[in-house]
K.L.:
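Here it is, the structure in full.
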Amino acid sequence: MSAPGAGGEFVRVVAEVFEVDPTEVVDGAGPDTLAAWTSLRHLQLMVTLEEAYGLSFSYREIRDLRSIGQVRDVMRAKGAKV
Amino acid sequence: MRDTHPDGDLRALRARWRQVRGSQQAPQLTVGVLASYTADPLVPYLGMALHRAGLAASVEVGPANQITQQCLDDSGGFARSRPDVLVVAPRLTELGPVSARRGWVEELVGVVEAASAAARWWGSCLLVVLPEIPDRRPEGVGDAADPGGVVAAATAAREAVRQLLAGRPNVLVADAEEAVRRVGLARAFHPAMFRYARVPYTEELYARLGDQLGRIIALRHARRHRVVVLDGDALLAVDVSPDRTGAAGTQALDAVTALREPLLQLHAAGLRVALRGSPGRVALGPLVTAFPELLRDLAPGWAVDRRPARDQVRALAADADELAGAVAVITTDPLLADDLGSRQHDARTVVLAGEPEEWPAQLLASGLFDRLPDPDAGDPDAGARPLAPGRPPPVTAATGPAAAMSLADYVAGLDVRLEIRPAPVDRLADIAELVARAKDFTLGRPSDLTDLAAGLDGLLAVTIRDRLADYGLGAAVRMRLLDGAVGVVDLFSVSCPVLAKGVEAAVLAELVGRAGRAGCDRLTVTARDTGVNGSALRFLGEAAGRDWSAVAGRPLRLDVTIERG
């Protein structure tokens, strides 16, 4: 498990999962704006963030997180620096 | 050849797989995976294990929880692509709830027999993954004393399949329980992901299982290592700095002590053991003293000179009439892998880390010891055992799987029960979620909670169960009546776990009946091609070509419009 300490690492992780340029990882981005945000990639994003930040998402969080901004908010509430 | 291993950073391993997949040429091997759960997370770990074994492979995952249906369907995806290796991975809890565990043996044997018949028909090597023992224990610790308990029932099912497959040609067996044991129960399962998308395992478990599957496939399809070269420079280096007791050479002695048993096992298994190193750097005494059994190997397998490591390894391989790709070099020096090369026909490097007492376990995990069981060494009756009662006999390649059991027979035997009722207001959120996530079977027309609430009239919720499970809410459909003569279907979504069970046909028949009873003579369905809802479009296309009758034989026309783009 790495110990990311800044939002830059969060952006890098998300961009890696979606295989997009980091500039596309903005708070308003979601399944409707990022073509790569498919159901499978959504699962990969949740799993990768769990691994990278040592946290876990609940069923409702996995189900309801539909934008980068929402993901950030939930992760910050769990103490992650993103 | 050195590569990322599941013991390491899984993110890095997945990233490496993306690189490998992107750069590899036409695959040597095609692998198809059918599981009762979402198996997509297996792909990078399975793919990397095959890559480490020198196999360029493509891995495709079939629809979740449709193992038997896919195996019996002559028009299914794998029936068309006929993968070289068919991996079948059922979980017991998808073959019946824990409360019905007495049926696990027959259900599991049935799935495996269907897969076995399909694999023979398709010319595929079959790899069956024995399911893990479910972690639910209704009796708590009392399960241990119950011959009909969860552990006992799961064990009986697992052993029935193991015995059934033993000795069968072109059949391999893996074990999900082994992966659970390696990871540990507390870190094996992901309940939130399972509830969300039928992803039962943690990434760590998928990594272990994928690695195991890749190693097993490699035993059948990859080049075997036939020569093990000890890197004397790293493992048997002359220890010039005395330890606290003033004794020199303890480092090499520790290494020899740790490696003795594993090397003797490899030697007994027929691998030649050789040594490379540089003059003056290798402490030969401990090796020669501790391994008299290996002297026969070491006499020709000896390259302690000033040549580069790569040339030494090639020469040692040639001495054994092998190519460098048949060589595994054991070292503690991670840089040696760079010297030896990283192409698929280069020698493989096994880099040991930590203290010598940890090395035997690392060697075991490296796969060097992997062997398929000797078919003559087991139970002489294996492979000739009777099938579970009530199951059809295995088919021959000449008859095909359909001769054993048809897809229609299987679906009929599932005893699927539907309840189709007007959607309750308090379940609208659940219906909206189902509609949002039903990607495979949907009309492709956006419909959110607001839309559903505004169009409650004609909205039907479908709950589904069969003899294997109670799936709860599994489909939603909406039909509006237009001028009392036309039924307009603008929502028809079926969730993935209940697909391939005849649900969609039963729902459509219900709609036809309702439209007819309402006096309609026409039913219209408009769908949009989303790129992933092909199963819905095919179903509707076939349905539109049929003759329908509603009430008392009165014909009803079904019009289907597919919007492309």
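Letters A, B, ... are given to chains in the order of the sequence lines, protein chains preceding strands, and every chain is numbered from 1.
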K.L.:
Can you confirm whether more than 12 heavy atoms, excluding those of Arg21(B), are under 6.0 Å from its CZ atom?
P.N.:
yes

K.L.:
Nearest 0.5 angstrom please: Glu203(B) CD to Met46(A) CE, how far?
P.N.:
13.0 Å

K.L.:
Going through the distances and angles, do Glu50(A) and His190(B) end up as a side chain to side chain contact (heavy atoms under 4.5 Å, CB included)?
P.N.:
CA-CA 11 Å; Glu50(A) 286 184 339; His190(B) 201 313; 2.9 Å; yes

K.L.:
Identify which part of Leu43(A) has an atom lying under 4.5 Å from any heavy atom of chain B, answering side chain, backbone, both or neither.
P.N.:
both

K.L.:
Where on Ser58(A) is there a heavy atom nearer than 4.5 Å to chain B: the side chain, the backbone, both, or neither?
P.N.:
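Interface part for Ser58(A): backbone (N, CA, C, O).
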
K.L.:
In sequence, state the C-alpha distance, the side-chain angles, and the governing distance for Arg11(B) and Glu16(A), and then conclude on salt bridge (charged side-chain N to carboxylate O under 4.0 Å, His left out).
P.N.:
CA-CA 10 Å; Arg11(B) 253 178 77 197; Glu16(A) 178 187 298; 3.6 Å; yes

K.L.:
What's the separation between atom OH in Tyr59(A) and atom CE in Met193(B), rounded to the nearest 0.5 Å?
P.N.:
12.5 Å

K.L.:
For Arg181(B), does the CZ atom have more than 12 heavy-atom neighbours from other residues, nucleotides or ligands under 6.0 Å away?
P.N.:
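Counting neighbours around CZ of Arg181(B), 12 or fewer heavy atoms of other residues, nucleotides or ligands fall under 6.0 Å, so no.
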
K.L.:
Please state whether the side chain, the backbone, both or neither of Glu61(A) comes within less than 4.5 Å of a heavy atom of chain B.
P.N.:
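Looking at Glu61(A), nothing touches chain B.
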
K.L.:
Give a yes or no on whether Arg187(B) atom CZ has more than 12 heavy-atom contacts from other residues, nucleotides or ligands under 6.0 Å away.
P.N.:
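Open: at most 12 neighbouring heavy atoms sit under 6.0 Å from CZ of Arg187(B).
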
K.L.:
Heavy-atom distance under 4.5 Å to chain A: side chain of Glu433(B), backbone, both or neither?
P.N.:
side chain

K.L.:
Walk me through whether Glu51(A) and Arg14(B) qualify under side chain to side chain contact (heavy atoms under 4.5 Å, CB included).
P.N.:
CA-CA 12 Å; Glu51(A) 281 175 349; Arg14(B) 295 197 295 273; 2.8 Å; yes

